[in-house]
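Worksheet: the structure to be examined is printed underneath.
Naming convention: chains lettered A, B, ... in sequence-line order (proteins, then strands); numbering from 1 in each chain. All heavy atoms count here, side chains included; hydrogens, waters and symmetry mates do not.
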Amino acid sequence: MGEETGSREQESKITPRARDYAQWYQDVVRCADLAEPAEVVRGCMVIKPHGYAIWEKIQAELDRRFKALGHKNAYFPLFIPESFIRKEAEHVEGFSPELAVVTIGGGKELTERLIVRPTSETIIGHFFSKWISSYRDLPLRINQWANVVRWEMRPRVFLRTTEFLWQEGHTAHATHEEAIEETLRMLEVYESFAREFMAMPVIAGQKTPSEKFAGALTSYTIEAMMQDGRALQAGTSHDLGQNFGKAFDVKYLSREGRLEYVWQTSWGVSTRLIGALIMCHSDDNGLVLPPKLAPIHTAIVPIYKSDAERTSVLEACNRLGGALRNKGLSVVVDDRDECKPGAKFFEWERKGVPARVEIGPKDLARGQVAIKRRDGGDRFFVSGDAAADRIVALMDEIQDALRKRALEFRESHTRTCDSFDEFVGIMAGPEGFVRGGWCGDASCEAKVRETTRATIRCIPLNNPKESCPCMVCGKPAGERVIYAKAY
RNA sequence: CGGGGCGUAGCUCAGCUUGGUUUAGAGCGCGUGGUUUGGGACCACGAGGUCGCGGGUUCGAAUCCCGCCGCCCCGACCA
């Protein structure tokens, strides 16, 4: 290192993925100006405007989808009485190690300690019990946009921070069937959102008992493959059964006059999605954003020498900018005088803007503009009249190209495997997903984890039945599950 | 919590081994002025640091000793 020739390349240097993937990730986050480690608060991050703008886009679309399905937003306290956490046995056990606890308030020791919420099943359970008394109150569908705190051992910006932003949906139903239906419906919302908006294909499936949410009957997940072949859990949906209903006494009187416990679900996605977005599409030049989540769709860079050129070029830039905005795109006309066009190109590239437009004197003379798409390919020229429509169409093309590329990557890094020895070899190499049989035994699952650090990411939904051996013990498995190393 | 690395200007670091020629430096970034502008511009001038914190050794500490704190990386945990 240090053999670079100084200049601004130094501080905006992005480590190539092939050399050090973890460093590359941090470099992209920094160079795209998405977030920075809070430093003064261990494990926490500052989400900077460009990063937060992506989160707002994610929020807007998910919020729209939730509301369309009848969920209503609400907000519950940040603090949870410690006794609440203890009411559901498995829940306490799962979350105890990572709780932040408030012991002093207003200078006085509290009579009951307060937990900074790691998730809100307990406190929402408490209020559900007050709000629900009849089958007529069901189903109850609530969503909360909030921050939560989990004292994780090893934080990573966006992927695993001590405090993170998320949405948590909580619903209560009269029957288990209805709750299961809800759980799967929300999983589907996540799956389609990831595919359609993030251009990120995911595998929707069920977690094994050892990987499920503490307190759930069954947990479902969407698993995405990152560019280093590792899996990232991008969202979860839980069938909570009556576990929290019983712990918090959430009962209703049925039509038949019987007192019953409700069946609940919970589901969530977090700012981790931004990490997923980065590791799914970005390259050695920085962030690559799918147009549907890009805060800025197009950056227009004017090129000029004289003042006269500046005036006419800027006029053309603003005209195109206005036309694009009228078509619903978010546009920046980069008229900063303090940096050269080249510097602007690099900046917008690092920030993942899907399309860049250049307009200079030569273009004005020829009645054209130059366009470069962020996801690859050479710069090309389009007539000024056709530019706006072309760029709008380009957004869909890029969205689609990114999705296809990610899907192809996943397919080409997914292998089918029946032998444990072969599996160990795969996990020692460039990794990826492995479709292998699993007999259902926790000890076989544990052996995989101990020897390779890989885990069963999920049992895919609608999994075809096939006669294959358990990859570990060789007993008949009946279906294949997804094995991978995870973040 | 175990293993490793590191704290000197906004950033990346040099200086520390062998304490004093360092009124603490460099490059990048930042400010002003000028020349520039189709893939990271150049020149000139300038602003900017109680050397992570606390103690100790010494005539003298960024440099040596002790303690503490923090950050990063690798594991176990997780959205």
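Going from the P atom of B/C45 to that of B/G4 covers 49 Å, rounded to whole Å. Rounded to the nearest Å, the gap between the P atom of B/U23 and that of B/A61 is 14 Å. B/A26 and B/C72: their P atoms are spaced 30 Å apart (whole Å). Using atom P as the reference point in both B/G33 and B/G70, the two lie 45 Å apart (nearest Å). B/C71 and B/U12: their C1' atoms are spaced 16 Å apart (whole Å). Taking atom C1' on both nucleotides, B/C28 is separated from B/A14 by 14 Å, rounded to a whole Å. The gap from the P atom of B/G3 to that of B/A9 amounts to 30 Å, rounded to the nearest Å. On the C1' atoms, B/C30 is 15 Å away from B/G49, given to the nearest whole Å.
Note: A/F66 and A/H71 have perpendicular aromatic rings, judged against thresholds of 30 and 60 degrees for the angle between ring planes. Relative orientation of the A/W166 and A/F164 rings is perpendicular, given thresholds of 30° and 60° on the angle between their planes.
Summarising the geometry, the separation between CG on A/L99 and P on B/C77 is reported as 17 Å, rounded to the nearest angstrom. When rounded to the nearest whole Å, the span between OH of A/Y487 and C1' of B/C77 equals 17 Å. As rounded to whole Å, 12 Å separates atom P of B/C78 from atom NE2 of A/H238. What separates CZ of A/R373 from C1' of B/G39 is a distance of 19 Å, to the nearest Å. Following rounding to the nearest Å, A/M226 (CE) and B/A79 (C1') show an atom-to-atom distance of 13 Å. Look at CH2 on A/W55: it is 15 Å from P on B/A79, rounded to the nearest Å. Atom CD of A/E163 and atom C1' of B/C78 are 16 Å apart (whole Å). Counting to the nearest Å, the P atom of B/C1 and the CH2 atom of A/W151 are 13 Å from each other.
One can find a donor-acceptor pair under 3.5 Å joining the base of B/G39 and the side-chain atoms of A/E349. With hydrogens and angles ignored, a donor-acceptor pair under 3.5 angstrom links the side chain of A/R272 to the base of B/C78.
With a cut-off of 3.5 Å on both Watson-Crick or G-U wobble distances, the partner of B/A24 is given as none. With a 3.5 Å ceiling on both atom-pair distances, the Watson-Crick or G-U wobble partner of B/C45 is B/G31. Shown here, B/G75 forms a base pair with B/C1; the pair counts as Watson-Crick or G-U wobble because both key distances fall under 3.5 Å. Pairing of B/A62, defined by two Watson-Crick or G-U wobble distances under 3.5 Å, is not identified with any nucleotide. Base-pair partner of B/C53: B/G67 (Watson-Crick or G-U wobble, both distances under 3.5 Å). With a cut-off of 3.5 Å on both Watson-Crick or G-U wobble distances, the partner of B/C16 is given as none.
For the side-chain hydrogen bond (donor to acceptor under 3.5 Å, both in side chains) with A/T15, the lone residue among A/D20, A/D27, A/D284 that qualifies is A/D27. Of the residues listed (A/E121, A/Q264, A/Q144), the one engaging A/H170 in a side-chain contact (heavy atoms from CB on, under 4.5 Å) is A/E121, and it is the only one.
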If you restrict it to nitrogen or oxygen atoms, what contacts under 3.5 Å exist between nucleotides 32-38 of chain B and the protein, and what is each distance?
{"from": "B/U37", "atom 1": "O2'", "to": "A/Y304", "atom 2": "O", "distance (Å)": "3.1"}
{"from": "B/G38", "atom 1": "OP1", "to": "A/K340", "atom 2": "NZ", "distance (Å)": "3.4"}
{"from": "B/G38", "atom 1": "O6", "to": "A/P361", "atom 2": "N", "distance (Å)": "3.4"}
{"from": "B/G38", "atom 1": "O6", "to": "A/K362", "atom 2": "N", "distance (Å)": "2.7"}
{"from": "B/G38", "atom 1": "O6", "to": "A/D363", "atom 2": "N", "distance (Å)": "3.4"}
{"from": "B/G38", "atom 1": "N1", "to": "A/D363", "atom 2": "OD2", "distance (Å)": "2.5"}
{"from": "B/G38", "atom 1": "N2", "to": "A/E358", "atom 2": "OE1", "distance (Å)": "3.3"}
{"from": "B/G38", "atom 1": "N2", "to": "A/D363", "atom 2": "OD2", "distance (Å)": "3.0"}

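Nearest-nucleotide assignment on RNA chain B puts the 5′-proximal partner with A/Q23, out of A/A234 and A/Q23. When each of A/R156 and A/Q233 is assigned the nucleotide of RNA chain B with its nearest heavy atom, A/R156 is the one assigned upstream, toward the 5' end.
Here A/W166 does not count as stacked on B/A79, because the ring centres are not under 5.5 angstrom apart with planes under 30°.
Nucleic acid contact for A/S237: none, since no nucleic acid atom lies under 4.0 Å from a heavy atom of the residue. Heavy atoms of A/L273 sit nowhere under 4.0 angstrom from any nucleic acid atom.
In this structure, the ring of A/F213 has its center less than 6.0 angstrom from the ring center of A/H238.
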Could you walk me through whether A/E191 and A/R195 satisfy the salt bridge (charged side-chain N to carboxylate O under 4.0 Å, His left out) test, starting with their C-alpha distance in whole Å, then the side-chain angles of each, then the deciding distance to 0.1 Å, before giving a yes or no? CA-CA 6 Å; A/E191 187 278 326; A/R195 178 164 37 84; 2.9 Å; yes
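Judged by the 6.0 Å distance and 45° axis criteria, A/R117 is not positioned over the aromatic ring of A/F79.
Taking 4.0 angstrom as the limit, A/R453 places a side-chain polar atom (N or O) nearer than this to OP1 or OP2 of B/A76. Distances shorter than 4.0 Å separate none of the side-chain N or O atoms of A/R150 from OP1 or OP2 on B/C77. The side chain of A/R449 places an N or O atom within less than 4.0 Å of a non-bridging phosphate oxygen (OP1 or OP2) of B/C77.
Ion pairing between A/E196 and A/R65 holds under the 4.0 Å rule for side-chain N and carboxylate O. With salt bridges taken as basic N to acidic carboxylate O contacts below 4.0 Å, none links A/R449 and A/E445.
In this structure, the side chain of A/R453 does not engage the main chain of A/M427 through any donor-acceptor pair within 3.5 Å.
Of all nucleotides listed (B/C72, B/G40, B/A79), B/C72 comes nearest to the side chain of A/Q26.
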